[in-house]
Each structure stands twice: as structure tokens, then as C-alpha cells.
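A quick write-up on the structure given underneath.
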Amino acid sequence: MSSFDEFDAFEGASLAARAMAARPSPYLDELNPAQREAVERLDGPVLMLAGAGTGKTKALTSRIVHLLNTSRARPNEILAVTFTNKAAREMKNRVGRMLGQTVEGMPWLGTFHSICVKLLRRHAELVGLKSNFTILDTDDQVRLLKQLIQAANIDEKRWPPRQLASLIDAWKNKALTPERLPAADAGAFNNRGGELYAQYQTRLRELNAVDFGDLLLHVVVIFQNYPDILQQYQRWFRYILVDEYQDTNVAQYLWLRLLAKEHKNICCVGDDDQSIYGWRGAEVGNILKFEKDFPGAHVVRLEQNYRSTPHILAAASSVISGNENRLGKTLWTQQEEGEKVRLIGHWDGEVEARWIGEEVEALQTGTRGMKPYGLEDMAILVRASHQMRAFEDRFLTIGLPYRVIGGPRFYERMEIRDAMAYFRVVTSPEDDLAFERIVNTPKRGLGNVAVQKIQTAARENGVSLVEGARLLLDSKGIGGKGAKELRILIDGIDRWRGLGIQREVEIPLNDDEVIDEGTTQSATRFAPAGDNMPHTELAEIILDESGYTSMWQNDKTPEAPGRLENLKELVGQLANFDNLQGFLEHVSLVMDNESDDADAKISIMTLHAAKGLEFPVVFLPGWEDGLFPSQRSMDESGLKGLEEERRLAYVGITRAEEVCTISFAGNRRVFGQWQSQMPSRFIDELSEEDVEVLTAPGIYGGGHSGAAGDFGSGIQDRVQSANTYNSPGWKRMQDRAGQRGLSQPKESKNTIIDLEAVSSYSVGDRVFHQKFGYGEIMEIEGDKLVIEFDKAGEKKVVAKFVTASTDIPF
DNA sequence: AGCCTCAGCAGAAAA
DNA sequence: TGCTGAGGCT
């Protein structure tokens with residue numbers, strides 16, 4: 001690592017010749033001067049400091065196009081890394097669009113992890129793996145660690161496997177192998193951390209498996225231990241581009257520095273003000289010390305914002321200016337003035353959700369003196385996911401279509417993981433974790449005792465679990481119904497393996513992947529299915545014959561049909577791959593949960609999930625000290641934590657294009673307990689001239705609600721006794737509250753009563769609801785139905801959200 | 001083996 | 001409050 005200290009000025013001479021063949025570059029005319037500079041300064045280290053909404057992706061993609069257009073590099077000599085598949089996909093698409101062709105020829109544009117998989121498959125043997133290693137996800141990782149903790153006789157109550165998993169993850173993010181682990185770290189986890197980490201790595205090698213952290217770590221280790229291999233890649237990648245540089249961790253940083261050492265043409269794009277993943281190992285320091293790390297670095301600031309109106313931008317700037325360690329940018333815009341950031345306080349979280357629901361409907365019809373907005377133009381961004389529930393409940397009640405972004409990912413669903421485990425058992429004989437997962441799914445009468453026996457048999461003979469099970473059966477070490485079922489399963493696995501047998505052959509790498517010109521490289525790969533059974537068909541056979549499909553067909557829970565749908569989708573996706581192996585890798589690494597559902601719905605998501613997105617209308621609820629900024633974050637990381645929370649606030653505000661509404665509640669129920677809290681300190685930091693304080697009719701407005709009167713005195717008392725809160729927003733709110741405006745009914749007037757939907761039901765009907773499952777109608781009120789759900793209890797739901805059901809109540 | 005009850009705990013989350 | 005996991009009961 002220290003060998004990096006000299007990173008001298010670049011040499012671009014040999015490349016200048018290539019630039020001779022430059023073609024016209026119309027895309028340059030579409031850039032502003034800063035973007036243009038970032039695109040045209042191709043040689044040497046460049047740091048592109050791109051503020052929110054300043055056309056970062058445009059600059060980045062134009063730069064790639066420019067590299068190709070000026071013949072500085074061939075498509076396969078450009079390394080372009082992103083964090084998410086979504087970002088990689090977008091870059092690919094945009095470059096393709098600009099070039100007017102597909103970018104099949106950019107094999108090194110992808111996520112850190114997908115690129116590392118590619119590298120690691122080539123050199124797996126250097127870290128004791130085979131090139132067809134399995135990639136474990138967090139769940140497998142935790143199950144494995146649990147076994148190790150149990151074997152080490154450690155109380156897993158006091159020392160939970162999850163905790164060890166995150167420790168190991170953190171170490172890998174810092175590029176610490178077990179050997180390099182500092183004593184202080186090794187002493188973590190009841191003094192057994194280092195030991196367990198080493199055992200875990202050994203076990204992974206035995207299973208021919210890696211976890212996500214290994215993908216980077218192994219490659220870094222290979223680069224560090226095999227200079228000749230590193231050199232090959234250093235030479236090959238003439239130009240390196242990195243997106244979201246502020247999110248890189250130590251391992252990624254080392255990886256990049258190693259690769260950039262030869263040509264020194266590295267362009268990192270990022271925004272220190274949007275660094276919100278410190279808890280995930282990201283080092284803001286990486287971007288802050290870029291100029292030191294890469295001497296001669298050129299810094300370009302993109303400061304013209306094309307997204308938000310001036311008030312929104314100014315409010316965001318005023319908040320972020322509270323942070324100390326910043327590189328500093330001044331965002332500006334040419335847009336016209338627009339709305340101020342709107343601020344409103346509520347009595348409690350429920351009132352907040354109700355108010356936002358009504359406000360959304362008002363904005364749809366344009367009754368706020370603004371143009372009407374569609375639901376797809378609006379988003380609610382929360383700090384913690386448990387805040388979402390209040391909105392879901394409310395929106396379900398008033399029949400407002402919404403979509404939650406971020407939930408469980410497709411491949412994290414139980415049925416997908418089960419199906420994949422079956423495929424893994426068939427394709428990788430050593431995959432014990434997969435076998436453990438499916439051995440009793442569906443139920444085969446193979447419980448704990450049976451699995452223990454199989455494990456013992458496997459261990460004693462030094463074979464995999466499948467082989468252990470076979471031996472156990474042959475030696476009659478297991479009997480009864482379980483034995484019969486186990487035999488059927490083992491026979492099934494043998495048969496499926498036979499059906500899907502892939503010819504393992506040496507085939508040359510694709511031309512565009514060749515790294516070292518001159519030598520022909522090849523790798524052991526699985527040939528595309530030729531005379532074998534098509535793998536889609538094989539997949540269906542596995543799922544059917546194992547009884548997995550029928551398990552869900554016989555399942556009566558409301559989720560079952562959806563799960564079968566997902567399985568169908570999974571098999572459908574298979575058609576896009578040459579074989580099961582390729583598919584498994586795709587699912588663990590690439591498959592995400594993007595719903596292409598374009599229906600008009602308001603989006604609900606966390607602030608973290610919102611990074612990179614933008615919406616005309618944004619709601620930012622829950623700005624209360626303790627929730628946002630999060631108490632836990634401040635307790636654990638002190639000022640650093642607070643600054644990251646502040647950046648999160650900045651990210652939130654800058655998602656808004658035209659209307660940004662911040663709100664807080666005086667009281668909130670957290671884990672069933674009522675808590676009252678102060679408005680967020682970030683509210684004080686908003687520049688007064690960019691904020692308009694709203695009062696909620698019907699809440700401040702007096703009238704019938706008992707809570708109305710309480711609000712003023714309750715929160716005021718707390719605020720005055722605390723005597724710390726004197727924000728401009730708060731003072732104005734007090735003034736307004738004194739005025740006692742008009743009272744208005746609390747229920748929305750804009751909900752169109754869909755009597756047609758109601759009239760098709762009567763009391764006693766059985767119905768089905770997407771979220772709550774089956775239930776019976778108890779009462780009909782207007783356009784709403786009171787339904788007693790079998791699982792979820794009594795709920796009031798808008799009629800159009802349920803469908804008639806013919807199922808029999810159990 | 002599988003259902004049920006009770007205790008414990010609760011964070012943001014890419015690959 | 002509501003989910004998860006472990007252990008007890010049938």
C-alpha cells in the first residue's frame with residue numbers, strides 16, 4: 001500500500017498520436033463550460049466534483065464517448081465503475097444512444113463487484129478457489145457464521161452471528177485479511193473475532209464460495225501478491241472512470257489506485273456533500289484527499305444545477321453549510337423563482353400522514369395555486385423505513401395509489417432463494433449451504449436430527465453433504481419415512497445433474513475481453529447448452545419433481561400466488577442465459593427489483609434509496625431530533641454522524657425540483673411507545689428567506705378536534721422549557737397559530753367516491769386484498785368497506801382495492 | 001416434526 | 001407495536 005506514495009505526473013505522449021484521428025464531436029456543444037472541461041481533459045487524474053442535479057451522468061457519458069471518438073482508447077480499454085447495476089445500465093444506455101449503437105464492446109463498464117467477479121474467475125486459483133465459485137449472499141453468510149459460532153461453543157445469544165457478519169464485512173471493506181487484522185480488531189467478538197474470521201475464510205474456500213466482500217478483497221490481494229498480473233491490467237486499462245467516488249471504501253480505493261498507477265488517467269466523479277454511506281464503510285476521506293493521492297490532479301466543479309428552483313437550492317445550501325469538512329461548491333441555477341420550501345408542524349405522526357395525504361390530493365387538482373401534479377411526480381422520503389407504515393395505512397384508507405421503493409429485492413425472496421438453492425445443488429456438488437436449505441423444503445420429514453446425521457456422515461468421510469447423505473442411506477444410518485424421502489431427493493439430484501450435464505471445455509475469451517495482446521488467453525468455461533437439455537426446461541423439471549412448485553400450489557396463504565408468479569418469472573429470465581451457472585451469477589449480482597410499473601402512484605422510500613432520483617414534488621416528513629438526525633447515528637459517531645445526517649438532509653431537499661415540503665410531528669409512536677420530541681435542528685438551519693411556514697387547517701384552526709388546542713400549548717411548553725429552539729420557522733409558526741384561521745373538515749374532499757365499486761359487494765362477502773389477504777366484509781360505509789381479515793384483523797379499506805373471492809374461510 | 005407461545009428487540013442497505 | 005427466533009408442548 002505504501003508503495004503508492006509516489007504517483008507522479010502523467011505521461012500522455014504516446015496517446016497524443018491516437019488523438020489524430022479525431023472525429024467531429026457534436027455532443028460537446030451540449031455541455032456547459034465546466035462539463036466540457038470535465039469531458040475534454042482526458043489525461044491525468046481528474047476529480048469531477050458534481051453537485052446535485054448538475055448533469056454528472058451527462059458529463060460522464062460524454063467523456064466516454066469523447067474517449068472513443070478521439071480514439072484515445074478502444075471500448076475494451078476503458079474501465080468504468082459504478083456502485084449499482086442501475087447506474088451501470090444507465091451509463092451503458094446513454095453511451096449507446098450517443099454513439100448510435102449498442103455498447104456490447106464495453107466489457108469493463110459495470111459495478112465494482114461485477115468487474116471483480118470477472119477478474120476473480122480468471123485468477124481464482126491464486127486465492128485457493130476454483131473459477132466456478134459460488135457467490136454467497138448475506139443470508140448464507142450468516143448461516144455459515146452461526147455454525148462456526150456454535151462449533152466454537154460461544155453463546156450465540158450474547159454474540160449474535162449477524163454482529164460477526166458485519167464485523168467481517170467491515171474488515172473486508174478495509175481490505176483486512178485475517179492475517180493483516182490488527183490485534184485490536186481480532187480481539188472483538190468475545191476475543192474470538194480474528195479466529196472466527198480465519199475459520200470463516202477457510203470454510204468459504206472449502207465450499208468454493210465467496211461473499212460480496214471477498215470479491216473485492218481477493219482481487220486486491222491478487223494484485224498485491226502478483227505484480228505481473230497487476231501490471232497486465234494496469235497497462236490494459238488506459239482510462240478509468242469512477243462514479244460516486246465519495247461512496248468508495250478502502251478496498252475499492254486500493255483497487256483503483258493499483259489499477260490507475262500505470263496510465264494515471266483516472267477520472268473520479270462524486271460529491272462529498274452526498275456521502276451518506278459511512279456506515280457501510282464508505283470513506284468520505286477518499287474524495288477529500290484525492291488531490292493529495294493523485295498529484296497533478298485537476299479538479300473540475302460542476303455547479304450549475306438544472307434540477308431545482310432557487311429557493312430549494314438555497315435552502316439545501318444553507319443546511320449543508322453547517323458541515324465543517326467540505327470541498328465546497330456553490331450551486332446556482334437559471335430557473336425562475338418558484339415556491340419556497342414549505343414547512344409544517346403536526347401534533348403527531350398520524351396527523352402528519354393525514355395532512356400529506358390531503359396535500360397530495362390538493363396538488364393533484366392544482367388547488368394550491370400551483371399547476372396540477374400527477375402522482376408519479378411526487379415522492380415521500382423518510383429517514384427510517386418504519387415511518388412508511390403510517391403513510392401506507394393512510395393511503396390505503398383513502399385509496400391513494402402508492403408504491404414503496406426499496407422493499408425486499410427480488411432475489412432475497414424466500415421462494416427465489418429456495419429455487420436458486422436447488423439449482424446450486426445441481427450445478428455445484430460442494431454447495432453444502434444450498435443443500436441444507438432445500439433438504440427439508442418442501443417438508444420431507446428430515447428435521448434437525450436427520451440433518452445432524454448427514455453432517456456427521458459427511459464430516460467423517462470428508463465429503464459434501466449430498467455424498468454424506470448417500471453414504472448414510474447406504475449404511476442404513478437413517479430409517480423410516482425420512483430415509484425414503486431422502487433417497488428420492490438424492491436420486492433426483494443425480495438425475496437432474498445428468499440431464500443438465502454441461503461439457504466443461506476450454507474456450508477462448510471473447511475478443512473484447514482479451515487483456516494481453518499477443519498471448520491468446522482462454523478460461524475454463526461451460527459451453528452453451530448444445531445437445532444437452534435446455535436449461536429452462538431443466539429448471540422447471542427440478543422445481544416440479546422436487547415438489548417445490550406443488551408446495552406453493554397447495555399453500556393457501558395470500559402470498560402463495562405471488563410466489564408462484566415469481567418462480568415463473570425466474571424461469572422466464574433463465575432463457576436469457578447460456579446455462580444455469582451464468583444465471584446464478586446474474587441473480588446474485590445483477591438482478592434487481594425494478595418494477596416497470598408506470599402507473600400513476602406516489603413513491604414512498606428512504607432518503608438513502610432516493611439518492612440519484614428527482615421528483616417535481618417531494619415530502620420530507622419526520623424532521624425531529626432523534627429521528628432525523630438519528631439519535632443512534634449521533635451516539636455512535638458523534639459529530640461525524642451528525643454531519644452525515646446533515647448530508648442526508650441535503651440529499652433529501654435536493655431531490656425536489658419544484659415543491660419541497662418539510663414536516664415534523666410533536667409526538668410519535670415509536671415501537672408502540674409514545675414519544676414527544678423537538679423539531680429537527682436542521683429546521684433551524686434552513687435559511688429563513690427560503691422557507692414558508694404552513695399552518696394546517698383543522699389543526700391550528702381550532703374547531704372540534706381536541707388535539708388542536710393541545711398542539712399549541714403542548715409543543716410550545718416543551719420548546720419553551722427546553723429554551724433552545726428559536727428558529728425563524730418556529731417563531732412564525734407561533735404567529736400563525738395565534739391567528740386561528742378557518743376551520744376545515746379533516747377528511748379529504750377530493751376523494752371521489754366510487755360507488756360503483758362498492759355496490760358490487762354486500763356484507764358477508766369474502767374478498768381478497770393485496771396486502772391483507774382474505775377477509776369478510778362486516779360493514780359498508782360510503783365507498784369504504786370494513787373488512788375482518790383472516791390474518792390482519794379488522795381494517796377499513798376502499799372498495800376498489802379488493803377483489804371478490806371464492807375461497808372458503810378456514 | 002410441527003405448531004405455538006413468549007421473550008427480545010428494533011438502522012440506513014449496494015453487491 | 002409487531003416481527004423473529006428459540007424452546008416447549010403435543
Side-chain angles (χ1 to χ4, degrees), chain A residues 81-88 110-117 135-139 141-143 146 155-158 160-162 165-166 169 172-173 210-217 243-244 247-249 251-252 275-282 349 381-390 393 405-409 411-412 440 443-451 480-482 485 585-593 605-612 626-637 641 644-645 647-648 651-652 668-675 791-793:
Chain A
V81 267
T82 64
F83 276 86
T84 65
N85 293 303
K86 200 177 152 204
T111 63
F112 276 101
H113 292 85
S114 66
I115 289 170
C116 282
V117 169
I135 303 164
L136 300 187
D137 61 27
T138 330
D139 211 75
Q141 196 184 350
V142 169
R143 283 194 298 143
K146 193 172 166 178
D155 179 9
E156 52 181 303
K157 274 263 161 63
R158 279 187 62 199
R162 291 210 162 271
S166 44
D169 214 46
K172 289 184 176 175
N173 284 340
V210 299
D211 63 22
F212 287 122
D214 282 336
L215 292 175
L216 264 141
L217 181 56
D243 194 15
E244 306 280 13
D247 290 340
T248 50
N249 60 36
Q252 287 156 342
S275 162
I276 55 176
Y277 284 112
W279 48 272
R280 207 165 75 182
L381 312 183
V382 298
R383 170 68 246 263
S385 52
H386 63 245
Q387 288 173 265
M388 293 182 182
R389 184 196 233 115
D393 282 353
I405 311 253
R409 322 187 73 67
Y411 63 81
E412 280 168 0
N440 201 29
K443 302 272 183 288
R444 294 192 174 90
L446 295 161
N448 256 334
V449 187
V451 173
K481 175 172 170 281
E485 290 283 342
E585 180 167 315
H586 174 81
V587 175
S588 56
L589 220 53
V590 182
M591 196 122 142
D592 47 25
N593 206 8
M605 68 188 92
T606 62
L607 286 162
H608 286 90
K611 196 169 111 183
L627 179 60
F628 188 42
S630 132
Q631 192 59 51
R632 193 162 163 185
S633 176
M634 293 186 293
D635 290 348
E636 285 172 10
S637 317
E644 183 156 312
E645 296 285 309
R647 291 192 289 266
L648 206 44
V651 167
R668 194 175 288 279
R669 194 157 57 179
V670 187
F671 306 135
Q673 298 267 90
W674 280 100
Q675 287 182 353
K791 293 262 166 65

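Please read all numbers here as calculations on a predicted model, not as lab measurements. All chains are named by letter (A, B, ...) in the order of the sequence lines, taking the proteins before the strands, and each is independently numbered beginning at 1.
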Take A:Lys172 and A:Leu216 through the test side chain to side chain contact (heavy atoms under 4.5 Å, CB included) and record every step on the way to the result. CA-CA 8 Å; A:Lys172 289 184 176 175; A:Leu216 264 141; over 6 Å; no
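- Of the listed nucleotides (B:dA15, B:dG11, B:dA13), B:dG11 has the atom at the smallest distance from the side chain of A:Arg632.
- Between A:Arg444 and A:His608, it is A:Arg444 whose nearest contact on DNA chain B lies nearer the 5' terminus.
- When the C1' atom of B:dA12 is taken as reference, atom CG of A:Leu627 falls 12 Å away, rounded to whole Å.
- You cannot call A:Phe83 stacked on the base of B:dA14; the centres under 5.5 Å and planes under 30° rule is not satisfied.
- If you measure from atom CG of A:Asn249 to atom P of B:dA13, you get 18 Å, rounded to the nearest angstrom.
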For side chain to side chain contact (heavy atoms under 4.5 Å, CB included), just list the numbers for A:Leu627 and A:Gln387, CA-CA rounded to whole Å, side-chain angles, deciding distance to a tenth of an Å, and then say yes or no. CA-CA 10 Å; A:Leu627 179 60; A:Gln387 288 173 265; 3.7 Å; yes
Give every pair of a protein N or O atom and an N or O atom of nucleotides 1-10 of chain C that lie under 3.5 Å apart, one pair per line with the distance.
unit_1	atom_1	unit_2	atom_2	d
C:dT1	N3	A:Phe671	O	3.2
C:dA6	OP1	A:Lys146	NZ	2.9

Using the rule given for side chain to side chain contact (heavy atoms under 4.5 Å, CB included), can you reason through A:Trp279 versus A:Arg632, listing the C-alpha separation, both sets of side-chain angles and the distance that settles it, and then say yes or no? CA-CA 12 Å; A:Trp279 48 272; A:Arg632 193 162 163 185; over 6 Å; no
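- Put simply, A:Asn85 has a side-chain N or O that comes within less than 4.0 Å of OP1 or OP2 on B:dA15.
- Among the atoms of the strands shown, base atoms are found under 4.0 Å from some heavy atom of A:Glu636.
- Atom-to-atom, CG of A:Asp635 to C1' of B:dG11 comes out at 13 Å; the value is rounded to the nearest Å.
- Under the 30°/60° scheme for interplanar angles, the aromatic rings of A:Phe212 and A:His113 are found to stand perpendicular.
- The nearest whole Å value for the distance from the CD atom in A:Glu485 to the C1' atom in B:dA1 is 13 Å.
- Residues A:Glu644 and A:Gly445 both approach DNA chain B. Their nearest nucleotides, taken by heavy-atom distance, put A:Gly445 toward the 5′ side.
- An OP1 or OP2 oxygen of B:dA13 is reached within less than 4.0 angstrom by a side-chain nitrogen or oxygen of A:Thr606.
- Nucleic acid contact class of A:Leu446 (heavy atoms, under 4.0 Å, all strands): sugar-phosphate only.
- Rounded to whole Å, the distance from CE on A:Met634 to C1' on B:dG11 is 14 Å.
- Counting atom types as modelled, A:Arg383 pairs a side-chain N or O with a base atom of B:dA12 as donor and acceptor under 3.5 Å.
- Picking from B:dG11, B:dA13, B:dA15 the nucleotide with the shortest atom distance to the side chain of A:Ser633 gives B:dG11.
- To the nearest angstrom, P of B:dA14 lies 15 Å from CG of A:Asp139.
- Partners of A:Gln675 under the side-chain hydrogen bond (donor to acceptor under 3.5 Å, both in side chains) rule, at least two apart in sequence or in another chain, do not exist in this structure.
- Atom pair A:Met388:CE and B:dA10:C1' shows a separation of 16 Å (rounding to whole Å applied).
- Among A:Arg647, A:Arg280, A:Lys611, the single residue meeting the salt bridge (charged side-chain N to carboxylate O under 4.0 Å, His left out) criterion with A:Asp247 is A:Lys611.
- Residue A:Ser630 is classed as a base contact, given a heavy-atom separation below 4.0 Å to a base.
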What verdict does the side chain to side chain contact (heavy atoms under 4.5 Å, CB included) test give for A:Leu607 and A:Val651, after you've listed the backbone C-alpha separation in whole Å, the side-chain angles of each residue and the deciding distance to 0.1 Å? CA-CA 7 Å; A:Leu607 286 162; A:Val651 167; 5.7 Å; no
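- Nucleotide B:dC3 holds its C1' atom 11 Å from the NZ atom of A:Lys443, rounded to whole Å.
- Of the candidates A:Leu215, A:Asp243, A:Asn85, A:Leu589, A:Thr111 forms a side-chain contact (heavy atoms from CB on, under 4.5 Å) with just one, namely A:Asn85.
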